[in-house]
Q: 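Have a look at this one.
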Amino acid sequence: MPAKSAKPAESASPADRARALREQLQEHAHNYYVLDEPTIPDADYDRLFQELQAIEAEHPDLTTPDSPTQRVIGAVLEGLTPVRHAVPMLSIHTETDTTPAGAEKFDARVRKALALADDAPPIAYNAELKFDGLAINLRYEQGELVQAATRGDGETGEDVTHNIRMIATVPKRLRGIEAPVLEVRGEVLMLRQDFEDLNERQRKLIEGGAKGEKTFVNPRNAAAGVVRQLDATKAAKRPLAFFAYSLGEVVGWEVPAKHSEMLVAFRKMGFQVNEDSRVEPGAPGLIAFHEEIAAKRDALPFDIDGVVYKVDDRALQEQLGFKSREPRWAVAHKYPAQEQTTVLQDIDVQVGRTGKLTPVAKLVPVFVGGTTVSNATLHNQDEIDRKDVRIGDTVIVRRAGDVIPEVVGMIAAKRPADSQPFDLYKKLGGQCPVCGSEITREEGEVDWRCSGGLFCAAQRKQAFLHFAGRRAMDVEGLGDKLVDQLVDSGIVRTLPELYKLGIAKLSALDRMAEKSAQNLVDGLEKSKQTTLGRFLYALGIRHVGETTAKDLAKHFGQLDRIMDASEAQLLVVNDVGPIVATSLHTFFAQPHNREVVEQLRACGITWKEDDGTGDSSPKPLLGQTFVLTGTLPTLSRDEAKDLIEAAGGKVSGSVSKKTHFVVAGEEAGSKLEKATALGVAVIDEAALQAMLAAGA
Ligand code: IVH
């Protein structure tokens, strides 16, 4: 492979250099996209690309249509132009029998049409994937891409050259082909991950108020949208893939004798040809292929709706010919569909571990993506509104890959006359379906949430883990597994009950050794001596982080005063904004949350009411703000934070002009850079220790 040095050869003319760069870039793109074996890092590729761009900017006449720099075309077209196909684009007969018998029927038809005796040798078939995308015809003249067209009605499609040029894996120039005409056909599709990312971006645009934007129902629909997009710069941001699988018009190129050989030739020209393709002799091999692909269908990065079998030998293909616009030599053997329509009977609301409320569609059971689906997610109220889904609607349900089944749309024509828009808040009467706490939705957020926190059974495990965490109540011996056991066995339902656990109850748990039981009991006992800040933080009130909890403790001094504070009184506290104030206020407005607090106090949890920090040692770092970055030689992040705070200092997560010191350890990153840029003092651990010691 020639392309290694990225150094501009001093002696080369701009024209020579541009040509060399184009070749190198094409070579690298081929290695990257087709062979999946990049030979240079991305950054080097970018550098070559930029060098070519610079030359072309200086010498516009050196720009060629096939230059890798020409992939982005800014013009917005008026409409798509019709293109009459030189050779019609046919469809394939679909075998709807999704059982192995489907392959046997095809083989039997082919053998009969060829008048083969029962004992004649098996026919070789090429088995490949049936991509669920859009068929495209790519026309190359003298090896250069001159036109790309959709299938349309098979006779006439639409010119989509501007968008297809944006697809990295579509060669703009064929390798080693100078034929006057070579039309290569294949499928354009969008990878599932790219589809998810695109929809995520679209959702954000729509939430941000963008007009004329929409989300897509499935990858096929998204790919079709991109291909038929008029503005090619948009298409450039929505990645598509292309897999070659057949020919259109050919002038001046000797077509290989076998379909499988043609696929090899495509690969050599620079096309991506899917690897799941092989020649099988007779029906048993096809059945094995069908089953093998079925087993890995969900793991493929894109959607397929079946497999395709093609008679490999072209001479036999010609002999078999066509039957009403479908070749007799090929068949599409389908899989059960990944999308189905069914009726939405009701919408339930589920409460997640973090209190998030998710509307779930209750469906008339339907077989989709290989299983019977009766529940599917509707994500949130905004999604329900956007898709305009109502109870009673006939909806499209999709289950692809390991993605949870979802309702992707409804069929307007089938909507019952009396249907009403769904309103999650109204449906729940404003209350969490699990614990009855008020549900809330903050401005700018899509999700409704239960405000019950530790009181809500759905959030219990999460709440327990948070409560017991090192920076909260610091209950030693209470980790993930134990919380699962305690909650699942039903031994503990509320936080106060945790403190009433005895050795006897604990030892009754599966696999609970007496030693671990004793450890937990001791850990709980020890945790009772705490600070008001820690206790407040441990309650797991949304938006009340560790620092806010400490600030509140410091400001109010007593828990009762915090519990009774108005939002206005809360807003006075350092760093408490409207979101935090509302969250706190809502939490303590729930009688059951107050009760939990009372019960915990009754268990013997105590702190120094008057100061909140729980100690009265000297405060040498009072008023100083620190930012920690990198790995310190002896202290962990948490330890350094504790020491600084115990000495009256504050620890912040990001560097600003208000930062007094950045404590930098090994492998300090962007925070150190920012500190230097802002002129903030940078110290090491030793210096920090010295400052701490000054007060001791
Ligand atoms: S061959 C004459 N191969 O299926 C045969 N088609 O119903 C020409 N398709 O419009 C097509 N994967 O969009 C062929 N591996 C594959 C295919 C495939 C998907 C689609 C294609 C075509 C439709 C035919």
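Every number for a ligand or one of its atoms is a count from 1 in the order of the listing. If you read the sequence from its start, that first residue is 1, and numbering goes on from there.
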Q: Report all side-chain donor-acceptor pairs from residues 280-295 shorter than 3.5 Å, counting only partners two or more places apart or in another chain.
A:
from	atom 1	to	atom 2	distance (Å)
E280	OE2	R278	NE	2.5
E280	OE2	R278	NH2	3.4
H290	NE2	K334	O	3.4
E292	OE1	R278	NH1	3.4
E292	OE1	R278	NH2	2.9
E292	OE2	R278	NH1	3.2

Q: Can you pull out every side chain to side chain donor-acceptor pair (under 3.5 Å) where at least one residue sits in residues 246-258? Sequence neighbours excluded, please.
A: R139-E249
Q: Return the set of residues passing ring-ring contact (aromatic ring centres under 6.0 Å, His included) with Y140 (not counting sequence neighbours), or none when no residue passes.
A: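 Only F271 meet the ring-ring contact (aromatic ring centres under 6.0 Å, His included) criterion with Y140.
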Q: Where is the tightest heavy-atom contact between G133 and R220, given as atom of each residue plus distance?
A: O-NH1, 2.5 Å
Q: Under the 3.5 angstrom rule, does the side chain of T342 hit a backbone N or O of V366 as a donor-acceptor pair?
A: no
Q: Would you mind listing each N/O atom of ligand 1 next to any protein N/O under 3.5 Å, plus the distance?
A:
from	atom 1	to	atom 2	distance (Å)
ligand 1	3 (N)	K310	NZ	2.9
ligand 1	4 (O)	K130	NZ	3.1
ligand 1	7 (O)	I92	N	3.1
ligand 1	12 (N)	F131	N	3.1
ligand 1	13 (O)	E187	OE1	2.8
ligand 1	13 (O)	E187	OE2	3.2
ligand 1	13 (O)	Y245	OH	3.4
ligand 1	15 (N)	E128	OE2	2.9
ligand 1	15 (N)	L129	O	2.9

Q: Could you please spell out the steps behind the salt bridge (charged side-chain N to carboxylate O under 4.0 Å, His left out) verdict for D197 and R238?
A: CA-CA 9 Å; D197 293 347; R238 298 171 173 185; over 6 Å; no
